[in-house]
Amino acid sequence: MDAIEVLTNLDQIHGYFQPIFSADAHTVIAYEISGHLQIEGQQINLNDFVNNEDIPEEYRIDMEHKILHAALAKIAEVPNEIDIYIPSNPNLLMQDFGESHFNIIQQYLQEEDLHRIVLVVSEHRFLGDINKLHHALRYFTTYGVKIAVQEVGAESHLEHIALLSPQILKVNIRDLNYDSWSAQSDMISAIGSLAYKIGANLLFEGIETVYQLQFAWKNGGRFYQGSYLANAAITFVEKDVLKERFKQECQRFITSEKKMLEAQYFELKKLQEELEAIVHRVKPSSDNIAHLEHLAQLLDSYSFRLYICNEDGFQLTPNVMRVEGQWELQPSAINKNWSWRPYFLQTIIKMRNDQSGEISELYRDIETGEITRTFSIAINEHEYLFVDLSYDFLYEHNIFR
């Protein structure tokens with residue numbers, strides 16, 4: 001349907017509501033509104049119209065206002081404890097700094113109930129000064145309105161998101177590309193880390209399968225939305241409509257995750273003991289590179305790089321690194337300092353006091369781009385051995401997650 005046909009059928013706009021569910025209570029905690037046209041049995045979501053830059057702004061602004069009126073006119077049917085998510089094109093919102101949107105909302109909600117409103121914007125679609133958007137949104141929040149940033153992903157500017165201080169970050173799981181799953185997982189981890197640091201909750205939308213729901217659950221999603229759970233509709237659902245199903249699926253997720261984590265725990269414990277035994281047998285040190293090279297040969301199936309640092313992170317030895325199947329020395333690494341790496345000094349303190357080796361969480365190696373873990377252990381009072389484990393080894397022993 002083209003823009004002219006939409007504009008000549010404005011009296012057919014209906015407000016639709018898609019439930020948003022919570023991971024903790026397993027109930028509906030919000031609805032996100034959208035506008036739909038119903039013509040000759042065909043249902044058209046008006047989101048594309050509102051975001052189509054080829055259509056004059058005044059028509060699109062009017063459309064957003066009509067959607068707001070159509071949806072909020074039914075808000076009295078929604079229980080008071082349930083929030084209402086209102087998507088808005090930030091470029092249209094900022095034509096009058098949000099004043100018209102705010103005035104429409106106030107027609108349907110008392111000031112003491114404005115905390116139920118969640119204004120949803122996409123920061124990377126905004127073409128203006130992000131500071132001005134920030135100030136406009138702050139005006140909304142002074143009345144208790146919450147802010148959600150949607151379409152968080154590869155195109156997002158994390159510093160802009162942090163500036164807007166949203167309470168919710170929306171990630172569309174439907175857009176995840178399974179052909180580049182490793183990179184996508186890194187991105188989700190970064191978004192989760194940002195959410196944690198700014199005190200925001202993660203909402204995964206576009207959930208169409210149970211596997212996507214499990215992915216959202218495993219990656220820290222507190223809120224869920226998508227056709228697998230409930231489609232947008234002109235009517236509302238019971239708050240507890242999926243409570244039992246959610247509980248059962250969540251229990252399966254928990255059981256599966258605990259089984260995987262327990263297996264991984266014992267595999268890592270076994271690996272740590274194996275590596276400690278080999279290191280104690282060889283007794284490597286910075287003044288005996290031959291011992292370090294011998295250790296590399298013994299760890300050929302485990303590792304792709306070894307080196308020794310002091311407690312301040314300065315490298316005392318060359319890298320002993322496997323290149324095309326052969327171990328070689330890389331003297332250029334001597335005197336490099338690694339204290340800037342996350343958790344480096346924290347790990348040093350832990351090793352020094354616990355008198356045992358440590359195996360890091362997964363991370364991507366800067367030089368090779370390979371997914372790895374690092375085994376580290378104190379080898380004398382002032383020196384620490386670091387053993388970077390190969391991805392092939394981690395995968396073979398199911399400790400790559």
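Predicted model only: the values in this text are computed from it and were never measured.
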* Arg364 bridged to Glu370 by N-O distance under 4.0 Å -> no
* Asked: Mind checking whether Tyr139 and Phe102 have parallel, tilted or perpendicular rings, split at 30° and 60°?
  -> perpendicular
* Asked: If we ignore angles and hydrogens, is there a donor and acceptor under 3.5 Å between the side chains of Asp24 and Ser22?
  -> yes
* Asked: Have Ser285 and His291 got a donor and an acceptor in their side chains that come within less than 3.5 Å?
  -> no
* Asked: How far apart are the C-alpha atoms of Glu274 and Tyr302, what are their side-chain angles, what is the distance that settles it, and do they pass the side chain to side chain donor-acceptor pair (under 3.5 Å) test?
  -> CA-CA 10 Å; Glu274 288 176 4; Tyr302 298 82; 3.0 Å; yes
* **Donor on one side chain, acceptor on other, Asn51 and Asn47, under 3.5 Å** => yes
* Glu58 atom CD: more than 12 heavy-atom contacts under 6.0 Å -> yes
* Where do Ile13 and Ala70 come nearest, in terms of heavy atoms and distance? -> CG2-CB, 4.2 Å
* Heavy-atom closest contact (Ala30 atom, Ile82 atom, distance) -> CA-CG2, 3.5 Å
* Asked: Can we say Glu328 and Arg322 salt-bridge, meaning some charged N sits less than 4.0 Å from an Asp/Glu carboxylate O?
  -> no
* Just how far is it from atom CG of Asp365 to atom OG1 of Thr374, taken to the nearest 0.5 Å? -> 7.5 Å
* Asked: Using the ring of each side chain (for Trp, its six-membered ring), is Phe21 parallel, tilted or perpendicular to Phe246, with breaks at 30° and 60°?
  -> tilted
* To do: Taking His134 for its side chain and Ile130 for its backbone only, find out whether a donor-acceptor pair lies under 3.5 Å.
  => no
* Between Glu81 and Lys239, does at least one N-O distance fall below 4.0 Å, as a salt bridge requires? -> yes
* Asked: Got Asn91 and Glu53 here, is their nearest side-chain heavy-atom distance under 4.5 Å?
  -> yes
* Asked: Where the side chain of Asn337 meets the backbone of Ser339, is there a donor-acceptor pair that is under 3.5 Å apart?
  -> yes
* Any side-chain heavy atom of Ile33 sitting closer than 4.5 Å to one from Ile84? -> yes
* Is there a side-chain contact between Ile379 and Tyr384 (heavy atoms, below 4.5 Å)? -> no
* Is it the case that Trp327 and Gln297 place a side-chain donor and acceptor less than 3.5 Å from each other? -> no
* Would you say Asn80 and Asp113 make side-chain contact, with heavy atoms under 4.5 Å? -> no
* Asked: So does Glu112 have more than 12 non-hydrogen atoms from other groups sitting under 6.0 Å from CD?
  -> yes
* To do: For Ser376 and Glu358, run side chain to side chain donor-acceptor pair (under 3.5 Å): C-alpha distance rounded to whole Å, both residues' side-chain angles, the deciding distance at 0.1 Å, then the answer.
  => CA-CA 5 Å; Ser376 50; Glu358 294 286 330; over 6 Å; no
* Is atom CD of Gln346 surrounded by more than 12 heavy atoms (other residues, nucleotides or ligands) closer than 6.0 Å? -> no
* Asked: Around Glu155, counting heavy atoms of other residues, nucleotides and ligands shown, do more than 12 lie under 6.0 Å from its CD?
  -> no
* **Over 12 foreign heavy atoms within 6.0 Å of NZ, Lys74** => yes
* Any donor-acceptor pair under 3.5 Å linking the side chain of Arg60 with the backbone of Val50? -> yes
* Asked: Does one side chain, of Glu383 or Ser286, offer a donor that lies under 3.5 Å from an acceptor on the other?
  -> yes
* Intermediate values then yes/no, ring-ring contact (aromatic ring centres under 6.0 Å, His included), His65 and His101 -> CA-CA 7 Å; His65 292 170; His101 275 65; 5.3 Å; yes
* Asked: If you measure only the distance, is there a donor-acceptor pair under 3.5 Å linking the side chains of Glu208 and Ser227?
  -> no
* Flag for Asn103-Ser100: side-chain donor and acceptor within less than 3.5 Å -> no
* Would you say the side chains of His69 and Tyr108 form a donor-acceptor pair under 3.5 Å? -> yes
* Non-hydrogen side-chain atoms of Ile168 and Val149 separated by less than 4.5 Å -> no
* Asked: Below 4.0 angstrom, N of the basic side chain to O of the carboxylate: do Asp388 and Arg373 qualify?
  -> no
* Asked: Donor-acceptor pair, Gln315 side chain versus Thr317 backbone, under 3.5 Å?
  -> yes
* Axial cation check for Tyr228 ring with Arg245, 6.0 Å and 45° limits -> yes
* Is the count of non-hydrogen atoms from other residues, nucleotides or ligands lying under 6.0 Å from Arg138 atom CZ greater than 12? -> no
* To do: Using the six-membered ring wherever Trp is involved, compare the ring planes of Phe236 and Phe17 and label them parallel, tilted or perpendicular (cut-offs 30° and 60°).
  => tilted
* Just say parallel, tilted or perpendicular for the rings of Tyr395 and Tyr391, cut-offs at 30° and 60°. => tilted
* To do: Determine yes or no for a side-chain-to-main-chain donor-acceptor pair under 3.5 angstrom, with Thr347 supplying the side chain and Tyr343 the backbone.
  => yes
* Is His115 reaching over with its side chain to a backbone N or O of Val145, donor-acceptor style, under 3.5 angstrom? -> no
* To do: Mind checking the CE-NE2 spacing from Met94 to His135? Nearest 0.5 Å is all I need.
  => 9.5 Å
* State, yes or no, whether a side-chain contact exists between Glu205 and Tyr224 at a heavy-atom distance under 4.5 Å. => no
* **Heavy-atom donor-acceptor pair, Asp312 side chain to Phe314 backbone, under 3.5 Å** => no
* **Any donor-acceptor pair under 3.5 Å from Arg125 side chain to Pro90 backbone** => no
* Should the pair Phe386 and Phe344 be assigned to parallel (<30°), tilted (30 to 60°) or perpendicular (>60°) ring geometry? -> parallel
* Asked: Taking atom CG of Leu275 and atom CG of Leu295, what is their separation to the nearest 0.5 Å?
  -> 9.0 Å
* Would you check if His280 and Ile377 make a side-chain contact, meaning some heavy-atom pair closer than 4.5 Å? => yes
* Is it true that the side chains of Asp354 and Ser356 contain a donor and an acceptor less than 3.5 Å apart? -> no
* Looking at Gln18, Lys170, Gln150, which one forms a side-chain hydrogen bond (donor to acceptor under 3.5 Å, both in side chains) with Glu32? -> Lys170
* Asked: Are Leu119 and Tyr85 close enough that some pair of their side-chain heavy atoms sits under 4.5 Å apart?
  -> no
* Neighbour count >12 (heavy atoms, 6.0 Å) for atom CD, Gln107 -> yes
